[in-house]
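These notes concern the structure reproduced below.
In this text the structure is predicted, and so the values were computed from the model without any measurement. Letters A, B, ... mirror the listed sequences (proteins, then strands); counts begin at 1.
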2 protein chains.
Amino acid sequence: MKTKVRVVLADDHPVVRDGLAAMVNQQADMEVVAEAGDGDEAIALYEQHRPDVMVLDLRMPKRDGVSVVQRVLELHPKACILIMTTYDGDEDIFQCLSQGAKGYLLKDAPRQEILSAIRAVSEDRPYTSSTVAAKALQRMAKPSLTQRELDVLQLVAEGRSNKDIARRLSITEGTAKTHVKAILTKLDAISRTEAVAVAHKRGLIHL
Amino acid sequence: MKTKVRVVLADDHPVVRDGLAAMVNQQADMEVVAEAGDGDEAIALYEQHRPDVMVLDLRMPKRDGVSVVQRVLELHPKACILIMTTYDGDEDIFQCLSQGAKGYLLKDAPRQEILSAIRAVSEDRPYTSSTVAAKALQRMAKPSLTQRELDVLQLVAEGRSNKDIARRLSITEGTAKTHVKAILTKLDAISRTEAVAVAHKRGLIHL
DNA sequence: CGCTCTCTCTATCTTAAGAGGGAGCGAGGC
DNA sequence: GCCTCGCTCCCTCTTAAGATAGAGAGAGCG
């Protein structure tokens, strides 16, 4: 038999870490070698242990999942990272996958799916949950927002007026309106409030 | 030594249930007797096992935490329920506590806090996390919304216009405006979009 | 019975939002 | 060089939103 698959866990909830650790360590072919509670720790522990797989929560204190994926793959292009998150609408997921994360998993997945996802990723095979695969296809058809539009959207979501947005971004109110209009068109919304609702549903913003 | 504290877990994430179960069963003085994956199951398993403590996630499929608390306490007024949730801003928490839940806990709490909370609740002592206690005091000072206002707020959050809201609630646009104005005043917001942001932060609505 | 609260409706007025245009300019790709 | 895209700015016009103020009906309460 080969050596065990070495796993590093990163999640800010001790309960989730315990759950994952219990599941993994019960298996004969894998073991948890370290647990991180935030993004910085996750990177540090990857460096230290060089695991076969890193299971990573998207939302964490200090440094979110996206930037952890970015950093780790920058240092170790061959790293096998399995993303784990609560919401299947998050835009972040696609950012991670396109940056090179090997797999993606919902937190409400059953034990068997979680374990088989870890095994798949450890063998460098991509694992994509079926619900996400479907969402990914849907997303392709939809227009994406530019960085500036995302900046404006964030402020809109905070309830700022066009005038206020203009002041904060050092542009004119007219330009702010132009961006807002583009956002409304791309998100297919009639009002800014609806745009916020749509954006939140798609995981473009986190309130 | 007394008999062990009998615990029923209710959470829709298998990972979290595993984690809690592992933590609890490691203790000499407590044990998990059943696990539920949704609200209905939680109620059924309470009936079946009559545990000393039920640990309950607020957000679950089929029936949410609030209504589970309501139903269980209706059948068993002495039930000891410990609420567990991810977000500390949720309005629901206060509803649960005022309905008679014995304790409240954040999911990112460390092991020791979780275990001591279960012990406290099992002895019929209330357990209140310090962050929540503070929030509760803050909340007292703030004006509460009427049911009608919450109805309107929900529609506002979905991006509906005043006219649309009026149609859906079978009232005039003027009345819808009156409600929206009241909402803005109570939430201390300038625009409806800001009101949605504030309401979401306070857990008055779930997008 | 008054008092308060909620919900309903009315009216007027000001301002912000959104629709529909056009246009310049720099960066990057073909 | 040409073209596209992102960002910026400008114009007009219509409508929705919000501020302000008043008022009546019904429920619940001391």
Side-chain angles (χ1 to χ4, degrees), chain A residues 91 94-95 98 139-200 202 204-205 207, chain B residues 91 94-95 98 139-200 202 204-205 207:
Chain A
E91 177 72 15
F94 305 107
Q95 277 186 43
S98 65
R139 201 189 79 109
M140 294 299 178
K142 288 168 185 167
S144 58
L145 301 195
T146 66
Q147 185 54 50
R148 199 53 161 174
E149 283 160 0
L150 287 174
D151 297 341
V152 173
L153 177 59
Q154 183 63 44
L155 292 169
V156 169
E158 288 171 13
R160 310 287 171 197
S161 67
N162 290 332
K163 198 177 293 182
D164 204 352
I165 292 169
R167 220 177 307 123
R168 283 163 193 263
L169 298 181
S170 301
I171 55 180
T172 64
E173 187 184 347
T175 305
K177 277 189 164 189
T178 305
H179 289 312
V180 170
K181 215 183 306 179
I183 293 168
L184 294 184
T185 304
K186 288 184 178 179
L187 297 185
D188 193 30
I190 303 170
S191 68
R192 54 174 54 217
T193 314
E194 190 187 351
V196 171
V198 173
H200 185 265
R202 290 205 198 160
L204 291 168
I205 47 171
L207 301 177
Chain B
E91 177 72 15
F94 305 108
Q95 275 185 43
S98 66
R139 200 189 79 108
M140 294 300 180
K142 287 168 185 168
S144 58
L145 302 195
T146 66
Q147 184 54 50
R148 198 57 163 173
E149 283 159 1
L150 288 174
D151 296 341
V152 173
L153 176 59
Q154 184 61 44
L155 291 169
V156 168
E158 290 170 12
R160 310 288 171 194
S161 67
N162 290 333
K163 199 177 291 181
D164 205 353
I165 291 170
R167 221 179 305 122
R168 282 163 192 265
L169 298 181
S170 301
I171 56 179
T172 64
E173 187 182 347
T175 305
K177 277 189 164 187
T178 306
H179 289 313
V180 170
K181 183 73 184 73
I183 293 168
L184 294 184
T185 305
K186 287 184 178 178
L187 296 185
D188 195 28
I190 302 169
S191 68
R192 55 174 56 219
T193 314
E194 189 186 353
V196 171
V198 173
H200 186 266
R202 290 204 198 160
L204 291 169
I205 47 171
L207 301 178

Is there side-chain contact between [X] and [Y], with heavy atoms separated by less than 4.5 Å?
X        : Y        : result
B:Arg202 : B:Leu187 : yes
A:Ile165 : A:His179 : no
B:Gln147 : B:Asp151 : yes
B:Arg148 : B:Leu169 : yes

Atom pairs, protein N/O to nucleotides 20-24 of chain C N/O, distance under 3.5 Å:
residue : atom : partner  : partner atom : Å
C:dG20  : N7   : A:Lys181 : NZ           : 2.8
C:dG20  : O6   : A:Lys181 : NZ           : 3.1

Worksheet item: chain A on DNA chain D: first and last contacting nucleotide, 5' to 3', under 4.0 Å to a heavy atom?
Response: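 With heavy atoms of chain A under 4.0 Å away, the range is D:dG6 to D:dC10.
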
Worksheet entry | Strand-adjacent residues in residues 144-157 of chain A, judged by heavy atoms under 4.0 Å from DNA chain D |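 A:Thr146, A:Arg148 - these, ordered by number, are the residues of the stretch whose heavy atoms sit under 4.0 Å from the strand.
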
Worksheet item: Between residues 159-173 of chain B and DNA chain D, which residues have a heavy-atom gap below 4.0 Å?
Response: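 Contacting residues: B:Ser161, B:Asn162, B:Lys163.
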
Fill in: Any residue meeting side chain to side chain donor-acceptor pair (under 3.5 Å) with B:Ser144, in chain and number order, not counting sequence neighbours
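Per chain and number, B:Ser144 pairs via side chain to side chain donor-acceptor pair (under 3.5 Å) with no residue.
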
Fill in: All pairs passing side chain to side chain donor-acceptor pair (under 3.5 Å) where residues 189-198 of chain B contributes a residue, at least two apart
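Passing the test, one end in residues 189-198 of chain B: A:Thr193-B:Thr193, B:Asn162-B:Arg192.
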
Worksheet item: How long is the gap from CG on B:Leu155 to OG on B:Ser161, to the nearest 0.5 Å?
Response: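 The OG atom of B:Ser161 is 10.0 Å from CG of B:Leu155, to the nearest 0.5 Å.
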
Fill in: Atom pair CD1 (A:Ile205) and CG (A:Leu153), whose distance is rounded to the nearest 0.5 Å
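Going from the CD1 atom of A:Ile205 to the CG atom of A:Leu153 covers 5.0 Å.
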
Practice prompt. Can you run down the salt bridge (charged side-chain N to carboxylate O under 4.0 Å, His left out) pairs that involve residues 170-187 of chain A, sequence neighbours left out, and say none if there aren't any?
Written response: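 Of all non-adjacent pairs touching residues 170-187 of chain A, those that pass salt bridge (charged side-chain N to carboxylate O under 4.0 Å, His left out) are A:Glu149-A:Lys186.
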
Practice prompt. Please list all pairs passing the salt bridge (charged side-chain N to carboxylate O under 4.0 Å, His left out) test where one or both residues lie in residues 155-167 of chain A, with sequence neighbours left out.
Written response: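 Listed once each, the pairs are A:Glu158-A:Arg160, A:Arg160-A:Asp164, A:Asp164-A:Arg167, A:Asp164-A:Arg168.
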
Discussion item. By the 4.0 Å heavy-atom rule, please label B:Gly174 as base, sugar-phosphate, or nothing.
Written reply: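 Touches a base.
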
Practice prompt. Take the C1' atoms of the five end pairs on each side of the helix from C:dC1-D:dG30 to C:dC30-D:dG1, get both axes, and report the angle to 10 degrees.
Written response: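 Angle reported: 50°, given to the nearest ten degrees.
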
Discussion item. Restricting to salt bridge (Lys or Arg N to Asp or Glu O under 4.0 Å), what partner residues turn up for B:Asp188, sequence neighbours left out?
Written reply: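 Once residues adjacent in sequence are excluded, B:Asp188 has no partner under the salt bridge (Lys or Arg N to Asp or Glu O under 4.0 Å) criterion.
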
Practice prompt. Identify the two heavy atoms, one from B:Ala195 and one from B:Ile183, that lie closest to each other, and give their separation to 0.1 Å.
Written response: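 Between these two residues, the closest heavy atoms are CB-CG2, 4.4 Å.
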
Fill in: Within residues 186-198 of chain A, residues whose heavy atoms come under 4.0 Å of DNA chain C
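DNA chain C contact set from residues 186-198 of chain A: A:Ile190, A:Ser191, A:Arg192.
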
Discussion item. Would you say B:His179 places a side-chain N or O within less than 4.0 Å of OP1 or OP2 belonging to C:dC7?
Written reply: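 For B:His179, the contact criterion (side-chain N or O under 4.0 Å from OP1 or OP2 of C:dC7) is not met.
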
Strictly under 3.5 Å: I want the nitrogen or oxygen pairs between protein and nucleotides 27-30 of chain C, one per line.
none

